[in-house]
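Note sheet for the following structure.
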Amino acid sequence: MHPSAARAYGSYEALVTDLEVETVYVASPHSHHFTHTRLALMANKHVPVKKAFPVNAAQPQVLVNLARERWLFLLEALWTRFFPLTRHVQHLVRESAIGTVQWIVADRNLGRNVEDLYGTEHRLVNPALARGALLDLAVYPLTWVFLFLSPDRPWASVALRVSGSVIKYEGMGVDETVLVVLTSPETKMEGVATDSLRVTTDSRDLDVRIFETKGKIEVLGPAARPDRIKVTVCGSTIEASTVPFPILVGHGLFWEADECAHCLRAKKRESTIMPWADTSLMMNVFDQVREQNEMRYPEEIESVV
């Protein structure tokens, strides 16, 4: 639900309650996802929620419990998970096309002059909106890391060690650059995710690299919406595929919309492509990174009441 709709109506609560629809898409700022999603669920609406789903690991459980109680569909609408290209890369890894995954490196950087472009007023650096690089950008490289640290098992079944470092935007206290290292002692795999408002990605737009025992998969284009892959085995390219990104038609959001429709038609409460446990684990990692770097959002944003 876009904030302008609520402004025109008077309040989110009034708007959601009176909407003669089954499904409400929550697309307000991160700081309001928990409150607005809960309002929609309380009004018996199915809810896809724009990433990042909530702002901490405690909030998803409240919403999931509410969805269970009312038999409602709930989804973190993280568009990257639903792309055909993403599903194809998952297939390649599951088929062991180039061996066993050893290491994943993924980036999502904007390369902006933060002071000149954002100052202290822009939404991306506003702590009252739970903004900063972590919730805005890190979800994308971490998605690629999670997908291939545990390619054959649910994320939540793999124990992880989390190490995060943060560079803060001076004067605002939000994170402008974040580095997260995830290690799985059980699978012997490691993933590195970086994201930054300030750092510039290299000119090749090579934002995701999956290194395996026989070769590597390079995912080209921004980590949020890549459009090409290159698969290399023993120095030779065995596949170079392009999946044009539909900028003018649905902007790529229709794949997540299709998944919502499929789940609703099948009377499913959660998506198997983006299950609730994956959202919870991602938020748990974010919480650990914030705790390691003494970062908190305002209390009213962190609340589950």
Side-chain angles (χ1 to χ4, degrees), residues 25-26 28 30-42 46-82 86 90 104 106 130 132 134-164 178 180-187 189 191 193 195 256 259-260 263 268-292 295-297 301-305:
Y25 175 51
V26 173
S28 48
H30 303 153
S31 52
H32 292 68
H33 283 186
F34 175 72
T35 301
H36 293 164
T37 301
R38 185 168 59 176
L39 283 172
L41 291 171
M42 292 294 291
H46 302 294
V47 189
V49 186
K50 189 178 186 298
K51 68 83 191 168
F53 185 71
V55 301
N56 60 40
Q59 292 178 344
Q61 196 55 55
V62 174
L63 299 174
V64 165
N65 288 343
L66 192 54
R68 281 199 180 107
E69 291 167 6
R70 292 174 174 256
W71 203 265
L72 294 167
F73 175 71
L74 179 63
L75 171 75
E76 180 177 12
L78 175 55
W79 66 342
T80 312
R81 288 289 294 268
F82 304 95
T86 306
Q90 288 179 276
I104 309 106
L134 191 64
L135 294 188
D136 255 295
L137 303 179
V139 66
Y140 297 118
L142 278 172
T143 289
W144 289 100
V145 169
F146 275 127
L147 284 173
F148 301 108
L149 272 179
S150 176
D152 300 313
R153 293 164 49 187
W155 294 2
S157 68
V158 178
L160 295 174
R161 290 201 302 260
V162 179
S163 177
V178 179
V180 181
V181 179
L182 298 180
T183 305
S184 169
E186 178 186 353
T187 63
M189 299 179 195
D195 59 281
E256 65 184 42
E259 175 64 7
C260 289
C263 290
K268 296 169 61 177
R269 287 177 295 176
E270 68 176 307
S271 164
T272 55
I273 298 174
M274 186 73 206
W276 295 334
D278 288 6
T279 291
S280 294
L281 183 58
M282 179 83 77
M283 295 314 304
N284 184 272
V285 168
F286 285 167
D287 279 5
Q288 290 184 61
V289 172
R290 291 199 294 129
E291 183 178 2
Q292 291 169 10
M295 288 176 52
R296 278 195 62 82
Y297 301 121
I301 294 175
E302 300 267 11
S303 175
V304 295
V305 177

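This one's a predicted model, so the numbers in the text were calculated from it and none came from an experiment.
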[X] side chain near [Y] side chain, heavy-atom distance below 4.5 Å:
X	Y	value
V49	F34	no
M42	L66	yes
L135	Y297	yes
W276	P60	no
E270	L75	no
F53	M283	no
F286	V55	no

[X] side chain vs [Y] backbone, donor-acceptor pair below 3.5 Å:
X	Y	result
D287	A57	yes
E76	T279	no
W79	K51	no
S31	I301	no
R161	P185	no
Q59	P54	no
K268	C260	no

Distance, nearest 0.5 Å, that separates OG1 of T183 from CE of M189: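 If we round to the nearest 0.5 Å, T183:OG1 and M189:CE are 12.0 Å apart.
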How many angstroms lie between CD in Q288 and OG in S163, if you round to the nearest 0.5 Å?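 Output value for this atom pair is 10.0 Å.
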Check ring-ring contact (aromatic ring centres under 6.0 Å, His included) between H30 and all other residues, then give those that pass, not counting sequence neighbours.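 Testing H30 for ring-ring contact (aromatic ring centres under 6.0 Å, His included), a comparison that skips the adjacent residues, returns H33.
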Are there more than 12 heavy atoms of other residues, nucleotides or ligands under 6.0 Å from atom CD of E291?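 12 or below, so no.
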Closest heavy-atom contact between [X] and [Y]?
X	Y	result
S303	V305	OG-N, 3.0 Å
Q90	L147	NE2-CD2, 3.5 Å
W144	I104	O-CG2, 4.2 Å
L63	L41	O-CD1, 3.6 Å
I273	E259	CD1-OE1, 3.5 Å
S271	F73	N-CE1, 4.0 Å

Side chain to side chain contact (heavy atoms under 4.5 Å, CB included) between L149 and L182: does it pass, once the steps are laid out? CA-CA 9 Å; L149 272 179; L182 298 180; 3.8 Å; yes
Run T80 and V139 through side chain to side chain contact (heavy atoms under 4.5 Å, CB included) and show every step you take. CA-CA 10 Å; T80 312; V139 66; over 6 Å; no
Using side chain to side chain contact (heavy atoms under 4.5 Å, CB included), reason through L74 and T37 one step at a time and then give a plain yes or no. CA-CA 9 Å; L74 179 63; T37 301; 3.8 Å; yes
Is there a donor-acceptor contact under 3.5 Å linking the side chains of Q61 and N65?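 Judged by distance alone, the side chains do pair up.
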Does the distance from a Lys or Arg side-chain N to an Asp or Glu carboxylate O, for K50 and E256, drop under 4.0 Å?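 Between E256 and K50 there is no salt bridge, as every charged N stays at least 4.0 Å from the carboxylate O atoms.
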Sorted by first residue and then second, give each salt bridge (charged side-chain N to carboxylate O under 4.0 Å, His left out) pair with at least one member in residues 277-286; sequence neighbours left out.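 Qualifying pairs: R81-D278.
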